[in-house]
Amino acid sequence: MTETRYNPFTLEPEWQKRWNDKNVFKTDTSGTKPKYYVLEMFPYPSGKIHVGHARNYIVGDVIARFKRAQGYSVLHPLGWDAFGMPAENAAIKNKVHPGKWTHKNIEEMKTDLNLFGLSIDWDRELATCEPNYYKHQQAFFIDMYKKGLVYSKEAHVNWDPVDQTVLANEQVVDGKGWRSGAPVERRTMKQWFFNITRYADDLLNDLEGLTEWPEQVRTMQANWIGRSEGLTFTFDVTGPEGQYADGMKVYTTRPDTIMGVTFCSVAPEHPLAAETAKNDDSAAAFIKECQGLGTSEEAIEKAEKKGYKTPFTAKHPITGEDVPIYIANFVLMGYGTGAVMAVPAHDERDYAFAKKYDLPIKQVIEAPQGTEVEADAAYTGAGTLVNSAEFNGLDNDKAKSAVIDWFEAKNIGERTVNYRLRDWGISRQRYWGTPIPFINCDKCGTVPVPKDQLPVQLPEDVEITGHGGNPLDLHPSWKHVDCPECGGKAVRETDTMDTFVDSSWYYARYTCVDSDLPLDPEAVNHWLPVDQYIGGIEHAVLHLLYARFITKALKEVGYVNVKEPFKALLTQGMVLSPCYRDSKGEYINPLDVIAHSDGTATHKETGEKLEVLSNEKMSKSKNNGVPPKPLVETYGADTLRLFSMFCAPIERTLEWAESGVDGAWRYLGRVWGLVNEAGFSLDDYDVNKHLLIDDISDKKLKDLKRKIHKTIRKVTSDLEKMQFNTSVAACMELANTLGEYRNTQDETAQLLYKEGVASLLRVLNPVAPHITEELWKQLGQTTWLVEEEWPGYDENAVKDDEITLVIQVNGKLREKLTVAADISKEDAEKEALTAVEPHIAGLTVRKTIVVPGRLVNIVAN
RNA sequence: GUCUGCGUAGCCCAAUCGGUAGAGGCAAAGGACUUAAAAUCCUUCCAGUGUGGGUUCGAGUCCCACCGCAGACACCA
């Protein structure tokens, strides 16, 4: 055999071309094999990929290749989450149309991703910005509207008065628009909503069935949905003009504390607050001040609890006593009824508020004997009711029901379920998104665009300046249309959809990218649910909750049969890398930085000393993304793939360090050497000429045979459990063992060596597909591994005939014996006692524990 | 503050049901090869599992408390 060097730079493109030319990754739709749908969360085409993306797509590819070998018909597509703000920002900066920018980025990213040798069926590629995609989204949006799953209403938003747009909460920094720097206003505007709360219970209850999801994600979703049970009732309210007709509806999860109510609070947006402000300028000022806070969580957290006393009082439903009503900055209009009964003795916020405004505090729950109760604080724990008239003496948990029953019996209140989850506001005053397919007519109201007029396509001739408002609204002609119902003059809705809508159904569209329907029933019901979904933990709530909701909505509308889209979920840990900043405050990419051993860092070119910040998730804004391309250019794709899978468990957060890449490279070099530097010829390897373990007499060679088959077993089960790092370690072990026989002259050993190398190539193939194909060819094989079946192992060859028996005395290791694997309990005990005789001399054996195949523990004293 | 996850060798990480703490890799040191270096190969070194209790014949693994790190949520009445 001629000795050649491992050169991935020629062999990787060659094999990629061969696979593509033969179209081996095209989805098999013959229906003869069981289906397996593996999907990685699709990328936003920012143009640049970093090693975090690489890890995501590589792990999906390993699974896809493994399942394909196991005989599944695998669907493994990829597309682009192509709408969104970065394209518009680029348009503002570079005067390039968002579509053009996006498509250029898609080309770049696709080229980069293809370097990894991914087994993707590119015939199913889609981009959400294409009319052929979003027209279907508009179609089912209208269907959902007809079922009441979509509606529009006035809602509070963060409004940037300079950029003239609504901002998401995360786009508000310190109460100011992230780009304009202008103080954000809280405004009320007409917004489109998905009625996600209608499915709150389903979304919560169905989490139980998602047994192949990480517990963490299920918990996070459950918390996000935030179901609570309580009591809703209405206080009679008296004001300066007598009885206030509407009263004040409140929701409480602590009806047991009803007798401790000493005042009430309402949100600044509550009608009673508005009523107060009518004739009271300082009340109006107070409300304005609260709204100036913005809606960011940080701002709310820092705010001191403040209130403003209204001229209204509420009549306690049980005692008939009048209690004051305050406007309070911490009461949220969007949760419950926007008004709360305040029980300062048993609620921390109410306690702080009562102390500040010198309001009475009435204890109604007594802590159980022996509980330490903090002084000068609300007691929020369990206990027995006191000062509560007929409810006295009740355990507070039972009192909850008793109080609710009391209200229900009198028909003045009811048991209520409440959710933290709110309806999903999807309106964005943006150009680069899916147009909401509605027309606003003065006469007919909000009218859906007739389906035969879809798509409502984005106009190409727009100027995107970043100020003055939504380019669709400013466009001279686009929005002016005739009303589809009365034919009169009307205007299009100019809001576009949140891009999370686009990404909530793409996985279904992949099953039928060419269909004229939004979803082809046969295809979508065949392939869904996704058998294995893979993505970053950062999407644990929003994307995954939205996608689950849209699936349920699509089911209700009649497009799919499944109620959950993703059967199993693998959450890949984030990939972090260090952040550096120069004196101007600019982030410097780690590639341009020399990190010194003392923890300081300097710029590679300028030599400037840099500020070293903590490790953060790779991102554009921190400029700390490490691109995989240079690694592929230095080591080849297989090394990157191997390293990505090996360096840590896939779900664990990874601090990117390249120091291990060399190890992966060296390993592949050794695998190459197993074939190319063996002391004998391997190119006559015969798949059908494997020695059986019983036909091998040499003990060491029996062990070699065992090693081969144990490796196959381990890699198979590790891949099934998504333990990629240990599966690679097993391959390394086998290679190390085989290395000992590289120059063997023994004929039996040579046969086993060939079997070992061949087995190694097959089990390593999903992780390192190129090198293993090439070496497989060098074994004289005419098949391709990509089309080969996954190897099985010989049950007989994974059984040990000897084991190490550990002998403990009182739990301490004393001896190790090599014994037959099938040794009986009695014999094991007997041998153990003999072996440790010196250690138990003079002691009485009290007990002997025998763990078959493992150890004997002798308890003696 | 609440919830979740994680703390094992200088570093990244293994360790079925509770049963020999070490599989794999990085780094380091020594050696081989080389005119030399790189590359490669060989050998070696290193912890008793964050801390304190408990259960058990036996705890990295189970229970309790605490500490540290990470993430999510956070005035949700």
Side-chain angles (χ1 to χ4, degrees), chain A residues 5 214-224 226-228 230 250-254 257 264-265 267 297-298 300-303 305 328-332 334-343 346-350 352-353 418-422 537-538 540-541 571 573-574 576 614-615 617 642-643 646-649 651-655 657-667 669-670 673 677 714 717 723 725-736 739 804-816 846-860:
Chain A
R5 287 194 134 236
E215 187 61 44
Q216 191 191 1
V217 175
R218 292 192 286 168
T219 309
M220 280 162 72
Q221 293 218 349
N223 290 342
W224 187 268
R227 184 183 196 274
S228 69
V250 296
Y251 168 73
T252 180
T253 56
R254 294 294 305 270
T257 62
C264 289
S265 331
E297 283 155 12
E298 202 189 352
I300 291 168
E301 182 192 0
K302 283 181 186 157
K305 294 196 185 352
N329 63 346
F330 62 86
V331 179
L332 307 171
Y335 183 80
T337 60
V340 296
M341 62 177 221
V343 185
H346 306 291
D347 181 282
E348 282 166 27
R349 294 153 304 178
D350 296 341
F353 196 90
N418 219 321
Y419 300 93
R420 204 184 80 94
L421 180 71
R422 298 182 215 170
I537 183 74
E538 64 272 25
V541 176
T571 48
M574 291 187 281
L576 314 180
S614 60
N615 283 348
K617 178 183 186 284
L642 187 85
F643 177 67
F646 176 65
C647 58
E651 68 279 1
R652 195 170 300 183
T653 301
L654 178 69
E655 299 194 3
E658 255 162 61
S659 54
V661 181
D662 274 326
W665 164 257
R666 279 199 287 266
Y667 172 66
R670 280 202 297 279
E677 287 160 37
K714 176 150 179 68
S717 72
Q723 290 170 0
N725 54 329
T726 50
S727 94
V728 172
C731 291
M732 288 177 166
E733 262 186 81
L734 178 57
N736 290 346
T804 305
L805 193 66
V806 171
I807 319 297
Q808 297 179 335
V809 177
N810 294 329
K812 282 200 185 90
L813 174 66
R814 291 301 183 198
E815 288 294 334
K816 290 182 192 178
R846 301 287 173 196
K847 199 172 172 186
T848 315
I849 291 119
V850 181
V851 182
R854 290 224 175 251
L855 63 69
V856 179
N857 187 15
I858 296 157
V859 185

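Note: hydrogens, waters and symmetry copies are ignored here, and every other heavy atom, side chains too, is used. Residue numbers begin at 1 in each chain, while the letters A, B, ... track the order of the sequences.
Base-pair partner of rA65(B): rU51(B) (Watson-Crick or G-U wobble, both distances under 3.5 Å). Using N1 to N3 plus N6-O4 or O6-N4 for Watson-Crick, or N1-O2 and O6-N3 for G-U wobble, each under 3.5 Å, rA72(B) pairs with rU2(B). rU40(B): Watson-Crick or G-U partner is rA32(B), with both key distances under 3.5 Å. A 3.5 Å limit on both hydrogen-bonding distances identifies no Watson-Crick or G-U partner for rU16(B).
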Name the pairs: protein N/O against N/O of nucleotides 11-13 of chain B, kept only if under 3.5 Å.
| unit_1 | atom_1 | unit_2 | atom_2 | d |
| --- | --- | --- | --- | --- |
| rC12(B) | O2' | Cys647(A) | O | 2.7 |
| rC13(B) | O3' | Asn725(A) | ND2 | 3.4 |

Is there any protein nitrogen or oxygen under 3.5 Å from a nitrogen or oxygen in nucleotides 31-34 of chain B, and what are the pairs?
none

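Rounded to whole Å, the separation between the P atoms of rC69(B) and rU55(B) comes to 31 Å. To the nearest whole angstrom, the two C1' atoms, one in rC62(B) and one in rU56(B), are 10 Å apart. The gap from the C1' atom of rG54(B) to that of rC46(B) amounts to 32 Å, rounded to the nearest Å. When the C1' atom is used for both rA21(B) and rA15(B), the distance is 7 Å, rounded to whole Å. Between rG60(B) and rU49(B), the two C1' atoms lie 5 Å apart (nearest whole Å). Rounded to a whole angstrom, the distance from the P atom of rA9(B) to that of rC3(B) is 29 Å. rU20(B) and rU61(B) have their C1' atoms separated by 15 Å, with the value rounded to a whole Å. Taking the C1' atoms as reference points, rA32(B) lies 16 Å from rA38(B), given to the whole Å.
Both Met574(A) and Gly663(A) lie close to RNA chain B; mapped to their nearest nucleotides by heavy-atom distance, the more 5′-ward contact belongs to Gly663(A). Nucleotides of RNA chain B nearest to Gly336(A) and Asn223(A) differ in position, and the one nearer the 5' end is that of Asn223(A).
One distance of note links OG1 of Thr337(A) with CG of Leu332(A); it measures 11.0 Å at 0.5 Å rounding.
Under 3.5 Å, the side chain of Arg422(A) and the base of rC76(B) form at least one donor-acceptor pair of N or O atoms.
Contact annotation: Lys816(A) does not reach the phosphate of rU20(B) (side-chain N/O to OP1 or OP2, under 4.0 Å). Using a 4.0 Å cut-off, no side-chain N or O of Asn736(A) falls inside it from OP1 or OP2 of rA23(B). Taking side-chain N and O atoms only, Arg854(A) has no distance below 4.0 Å to OP1 or OP2 of rC17(B). At least one side-chain nitrogen or oxygen of Arg349(A) sits closer than 4.0 Å to the OP1 or OP2 atom of rC76(B). Side-chain nitrogen and oxygen atoms of Tyr667(A) include none within less than 4.0 Å of the OP1 or OP2 phosphate oxygen of rG24(B).
Listed by chain and residue number, Phe263(A), Tyr326(A), Phe330(A), Tyr357(A) satisfy the ring pair (Phe, Tyr, Trp, His ring centres under 6.0 Å) test with Phe353(A) (two or more places apart in sequence, or in another chain). Listed by chain and number, the residues in a salt bridge (Lys or Arg N to Asp or Glu O under 4.0 Å) with Arg254(A) are Asp256(A) (sequence neighbours excluded). Residues passing the ring pair (Phe, Tyr, Trp, His ring centres under 6.0 Å) test with Phe646(A), sequence neighbours excluded: none.
Residues Val859(A) and Asn810(A) meet the side-chain proximity criterion, which asks for heavy atoms closer than 4.5 Å. In this structure the side chain of Arg670(A) reaches within 4.5 angstrom of the side chain of Asn736(A), judged on heavy atoms.
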Run the side-chain donor-acceptor check on residues 214-222 of chain A: report pairs under 3.5 Å with partners two or more places apart or on a different chain.
| unit_1 | atom_1 | unit_2 | atom_2 | d |
| --- | --- | --- | --- | --- |
| Glu215(A) | OE1 | Arg218(A) | NH2 | 2.9 |
| Arg218(A) | NH1 | Leu207(A) | O | 3.4 |
| Thr219(A) | OG1 | Glu215(A) | O | 2.8 |
| Gln221(A) | OE1 | Arg548(A) | NH1 | 2.7 |
| Gln221(A) | NE2 | Ala540(A) | O | 3.0 |

Exercise for review: Show your working on side chain to side chain contact (heavy atoms under 4.5 Å, CB included) between Gln808(A) and Ile849(A) and close with a plain yes or no.
Suggested key: CA-CA 9 Å; Gln808(A) 297 179 335; Ile849(A) 291 119; over 6 Å; no

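Proximity of a side-chain donor or acceptor of Asn418(A) to a complementary backbone N or O of Ser228(A) within less than 3.5 Å is not detected.
In this structure, Arg420(A) atom CZ and rC3(B) atom P are separated by 16 Å, rounded to whole Å. The CG-P distance, from Leu576(A) to rG5(B), rounds to 20 Å in whole Å. Across the protein-nucleic acid pair, Asp347(A) atom CG and rU2(B) atom C1' stand 15 Å apart, rounded to whole Å. Rounded to an integer number of Å, the gap from CD of Glu658(A) to C1' of rG25(B) is 16 Å. Here rC41(B) presents its P atom at 9 Å from CD of Glu677(A), a figure rounded to the nearest Å.
Residue Ile849(A) has its side chain nearest to rG19(B) when only rC75(B), rG19(B), rG24(B) are considered. Taking only side-chain atoms of Tyr251(A), from C-beta outward, the nucleotide of rA77(B), rG25(B), rC75(B) with the closest atom is rA77(B).
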